[in-house]
Amino acid sequence: MEKIKLGISTCLLGENVRYDGGHKLDRFLTDTLGQYVEYVPVCPEVECGLPIPRESMHLEGNPDSPRLVTIRTKQDMTDRMVQWARNRVSALVKEDLCGFIFKSDSPSSGMERVKVYNEKGMPVKRGVGMFASIFMEHFPLLPVEDEGRLHDPNLRENFIERIFTLKRWRQALTKKESRGIVVDFHTKHKLLILSHSPRHYQTMGKLVAKARDLPLKELYQKYQTLLMESLYLKTSPKKNTNVLQHLMGYFKEQLSSDEKKELLEVIDHYRKGYIPLVVPITLVNHYVRKYDQPYLKEQIYLHPHPLELQLRNHV
Ligand code: SF4
């Protein structure tokens, strides 16, 4: 797979662009995820023309429509930032990004729970950074996260699954236009979708079954929207157990009674939280190879991202 293009807050790459001349290098993003990703750095404060170092800013006023104001001299930077951000997101359309990683807590780049100060100087953590807000409004279905949330293994896994899937979808769309693209993509992603949302699994199955009834562009657009909505929903041990049992159905005839017992035991241990998901998945993959299951070999659920990212490894 080609590298996945992701937008990122520039300071997370170790660039000295922060108000104090420092950076916020995140080694997981640069050294580990960076092997699979081509980053498009964006520093709203520097790119809108502010110097390094500069006076620090915060959000103030109404948390739903805050102003961006320098803390000491009270200069209002809102209009400057909004105008720059609108132009920047329009330019980013060309980059074909599969997602964005924001710097948490920043009044420009934070994607959620950013402090907004009222007239008494008291903060509420309800704001969104000014650039992040305009970006998310412009690209409502693109996966976004901040580096703080990516330390949570479940959120990290979910974000990475979404960016890899969106990249595969975009690559599929580079082939000659046809309904077959959607049918083929859906066949391979069925179990991944089921692990996130049984409801979307049903709806998308119906959409694909009636693919001929829709104009092609509309089919692509509807499918992509449902795909991104489904993967946004978190997997859970209950949903994964359902998928694993579903997978086991394909081996019913071939597994020996010992193999069946072992697999059921491993799935049950995963469901109870004793072992991580990677254990039953590894065992299923072993049987897929052993019994040469062509349909399951193609299932992205069994290998949605590179092993080196060490996901599905937590309980
Ligand atoms: S948080 Fe955003 S605005 Fe602040 S230095 Fe980092 S990239 Fe620039």
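Keep in mind that the numbers below use all heavy atoms, side chains included, and drop hydrogens, waters and symmetry copies. This structure is a prediction, so every number in the text was calculated from the model and none was measured. Indexing begins at 1, ligand by ligand and atom by atom, following the structure's order.
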*Asks:* Listing residue and atom name, which protein N/O/S atoms are closer to atom 8 (Fe) of ligand 1 than 2.8 Å?
*Replies:* C43 SG
*Asks:* Once salt bridge (Lys or Arg N to Asp or Glu O under 4.0 Å) is applied, what residue pairs with a partner in residues 104-123 remain, sequence neighbours excluded?
*Replies:* E112-R149
*Asks:* Using 4.0 Å as the upper bound for N to carboxylate O, is an ion pair formed by E177 and K217?
*Replies:* yes
*Asks:* Do R179 and Y223 form a cation-pi contact, if we require the NZ or CZ to be under 6.0 Å from the six-membered ring centre and within 45 degrees of the ring's axis?
*Replies:* no
*Asks:* Is the distance between the ring centroids of F139 and F100 under 6.0 Å?
*Replies:* no
*Asks:* With no hydrogens and no angle check, do the side chains of D76 and T78 hold a donor and an acceptor under 3.5 Å apart?
*Replies:* yes
*Asks:* Any side-chain donor-acceptor pair under 3.5 Å between R162 and T165?
*Replies:* no
